[in-house]
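Inspection log for the structure reproduced underneath, given as structure tokens.
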Amino acid sequence: AQLEAKRAADEYRKAVALKEAKEAAERLSAVTVTVPVTVGANGKLFGALNTQAIADALGKAGVEVDKKKIVLEQPIKQTGTYKVAVKLHPEVTAKVTVIVKG
């Protein structure tokens, strides 16, 4: 009986975590943040934009996201508008719009 109760509690926690992640993904998908950077010639960045800079920009926008959850498919090395994935849950990924300005 205890094992069954524990299993039911685990399933309930997982369902709640999934629901919260989906709600957070909806909120995050509507967020657009601007990240100011130092640029050289042709709009190229000195180095590349890292996940910490994106996490800081999201924090200023009122959305707390751990930098480890931000997934960059390729390094951002130029100014422009990018869709950046934020992995909130193993089954839920949100796309945040990031504008990189020099």
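Residue numbers start at 1 and run along the sequence shown. Worth saying up front: this structure is predicted, and the values here are computed from it rather than measured. Hydrogens, waters and symmetry mates are skipped; everything else that's a heavy atom, side chains included, is used.
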Query raised in the report: Under the side-chain contact (heavy atoms from CB on, under 4.5 Å) criterion, do I99 and V33 qualify, and how do the steps go?
Result: CA-CA 6 Å; I99 300 170; V33 294; over 6 Å; no
Query - Distance-minimising heavy-atom pair for A57 and V35 - result: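 Heavy-atom minimum between the residues: CB-CG2, 3.8 Å.
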Query raised in the report: Taking all non-hydrogen atoms of both residues, which atom of V92 and which atom of A25 are closest, and how far apart?
Result: CG1-CB, 3.6 Å
Query raised in the report: Checking side-chain contact (heavy atoms from CB on, under 4.5 Å) against V100, which of I54, T34, L45 comes through?
Result: L45
Report task. Step by step, work out the side-chain contact (heavy atoms from CB on, under 4.5 Å) result for V84 and V71. Result -> CA-CA 7 Å; V84 177; V71 180; over 6 Å; no
Requested in this report: Starting at CD1 of I76, measure out to CG of N50 and round the result to the nearest 0.5 Å.
Outcome: 9.5 Å
Report summary line: The complete set of side chain to side chain donor-acceptor pair (under 3.5 Å) pairs with one or both residues in residues 69-94, sequence neighbours excluded, reads K83-T97
Report task. Sequence neighbours left out, what pairs pass side chain to side chain donor-acceptor pair (under 3.5 Å) with at least one residue falling in residues 52-63? Result ->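 Passing the test, one end in residues 52-63: Q52-D56.
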Report task. For the pair D10 and K14, find out whether any cationic side-chain nitrogen is under 4.0 Å from an anionic carboxylate oxygen. Result -> no
Query raised in the report: Are the side chains of V96 and L58 in touch, meaning some heavy atoms are under 4.5 Å apart?
Result: yes
